[in-house]
Engineer: 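Sharing a structure with you now.
All of these numbers come straight from a predicted model, not from anything done at the bench. Computed over heavy atoms, backbone and side chain alike; hydrogens, waters and symmetry mates excluded. Counting convention: from 1, in listed order, for ligands and their atoms alike.
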Amino acid sequence: MKTQIAIVGAGPAGLLLSHLLHLGGVDSVVIESRSRQEIEATIRAGVLEQGTVDLLAQSGVGERMKREGFVHEGIILRFAGRSHRIALSELTGRSISVYAQHEVIKDLVSARLDAGGKLLFEVKDAALYDLDSASPKVRFHRDGGVEEIESDFVAGCDGFHGVSRPSIPSRHRHEFTRTYPFGWFGILVEAPPSTEELIYAHHERGFALVSTRSPQIQRLYLQCDPEDELKSWPDARIWEELHRRLATSDGWKLAEGRIFQRGIIAMRSFVVEPLRYGRLFLAGDAAHIVPPTGAKGLNLAVNDVRVLASAFLEYFQSGSEAGLKAYSASALKRVWRAEHFSWWMTSMLHRFHDDTPFQHRLQLAELDYVVSSKAKAITLAENYVG
Ligand code: PHB
């Protein structure tokens, strides 16, 4: 097969890139190791920055998001048993939307397929070749045979565990990592919302987060040991911990319901530099990971792709490589801002096992500052809304 851009991975980055390239008249082929059903059902994040919402809407894939997503104009920080609102919209003029990542995936897959886009699911053993030549190749197994895509460029959008990043020789990669000594236990629950806005709770027993998906389905998280197994968290323990960590002195109540999905999420910060090797460009989780506390992961992927798509379009329209040359530095500037913000939120809100009472007091002092200083609240708000 021949195409202009071979895209490895049909996550939000790969699908949106393919969609934006198509709108600009550039041809691509997307390969994905999982099935369409699998990518459309995997539960991931849910917070879209205003810029993400605007890009999806302007590019024609925002109709269902506008109808079914929820616009939030603030978030709640809860600590020492009290709630404090960060008025995102008042402080920044922007808002966020809660709309699940797998819904974004469904919208993008259907837009690509309706436009006759080539998405190849369930491909196995993908390998990238000749990345430092003028015609890089992607080879893989599909339906029992070997296939190859020859392209002008390859976009590595296949996530943290994908093949794209390790295809860059290690001497050309600089990696920065931090692993956190805790994870998040995430559940989906059949229950009405307990709150109109997301609640980020600091508690001496560990962090908890109340998010939402729809008027009938809520998304809740609590800090856990990353080595925990699902079976060490029976329903009664989950509810007990959530009630304790979210307890307030003002009579607020968490609505319980049937838990129908559960999973443990590792917490990691990671960046690779640069985002380019020869004719391979990395975008999204293949290039960087943030802990979910800042709700930045999907938004960073979208930003990478916004910059990368326009660089590719510029190249194919005018022959100029200026955008491609600037891609890595330009995307990384935003990545590192989000890395810092996500690390800061994570450090401020979680319990670390080596925490001393001194560190606990420092966290409370920092939280208190965020909710009592307008300057500090704006810092949080403008990073949160993007
Ligand atoms: C979610 O709804 O899944 C969610 C919300 C906020 C976060 C992370 C995840 O910071």
Engineer: Short N or O contacts of ligand 1 with protein, under 3.5 Å, listed by atom name?
Structural biologist:
| unit_1 | atom_1 | unit_2 | atom_2 | d |
| --- | --- | --- | --- | --- |
| ligand 1 | 2 (O) | S211 | OG | 2.6 |
| ligand 1 | 2 (O) | R213 | NH1 | 2.8 |
| ligand 1 | 2 (O) | R213 | NH2 | 3.4 |
| ligand 1 | 3 (O) | R213 | NH2 | 2.8 |
| ligand 1 | 3 (O) | Y221 | OH | 2.5 |
| ligand 1 | 10 (O) | Y200 | OH | 2.7 |
| ligand 1 | 10 (O) | P292 | O | 2.8 |

Engineer: Quick check with a 6.0 Å cut-off and a 45 degree axis cone: is R139 positioned over the face of Y129's six-membered ring?
Structural biologist: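 Yes - R139 lies over the ring of Y129, closer than 6.0 Å to its centre and within 45° of its axis.
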Engineer: W239 ring centre to R244 NZ or CZ under 6.0 Å, with the angle to the axis within 45°?
Structural biologist: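 No cation-pi geometry.
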Engineer: Checking Y277 against R173: is there a side-chain donor and acceptor pair closer than 3.5 Å?
Structural biologist: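 Side chains of R173 and Y277: no pair found under 3.5 Å.
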Engineer: Do we see a donor-acceptor contact under 3.5 Å between the side chains of Q359 and T356?
Structural biologist: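 Side chains of Q359 and T356: pair found under 3.5 Å.
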Engineer: Does the pair E240/R237 count as a salt bridge with the N-to-O cut at 4.0 Å?
Structural biologist: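 Judged by the 4.0 Å cut-off on N to carboxylate O distance, E240 and R237 do not form a salt bridge.
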Engineer: Looking at F281, does the NZ or CZ of R276 lie under 6.0 angstrom from its six-membered ring centre and within 45 degrees of the ring axis?
Structural biologist: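 Ring-cation test returns no.
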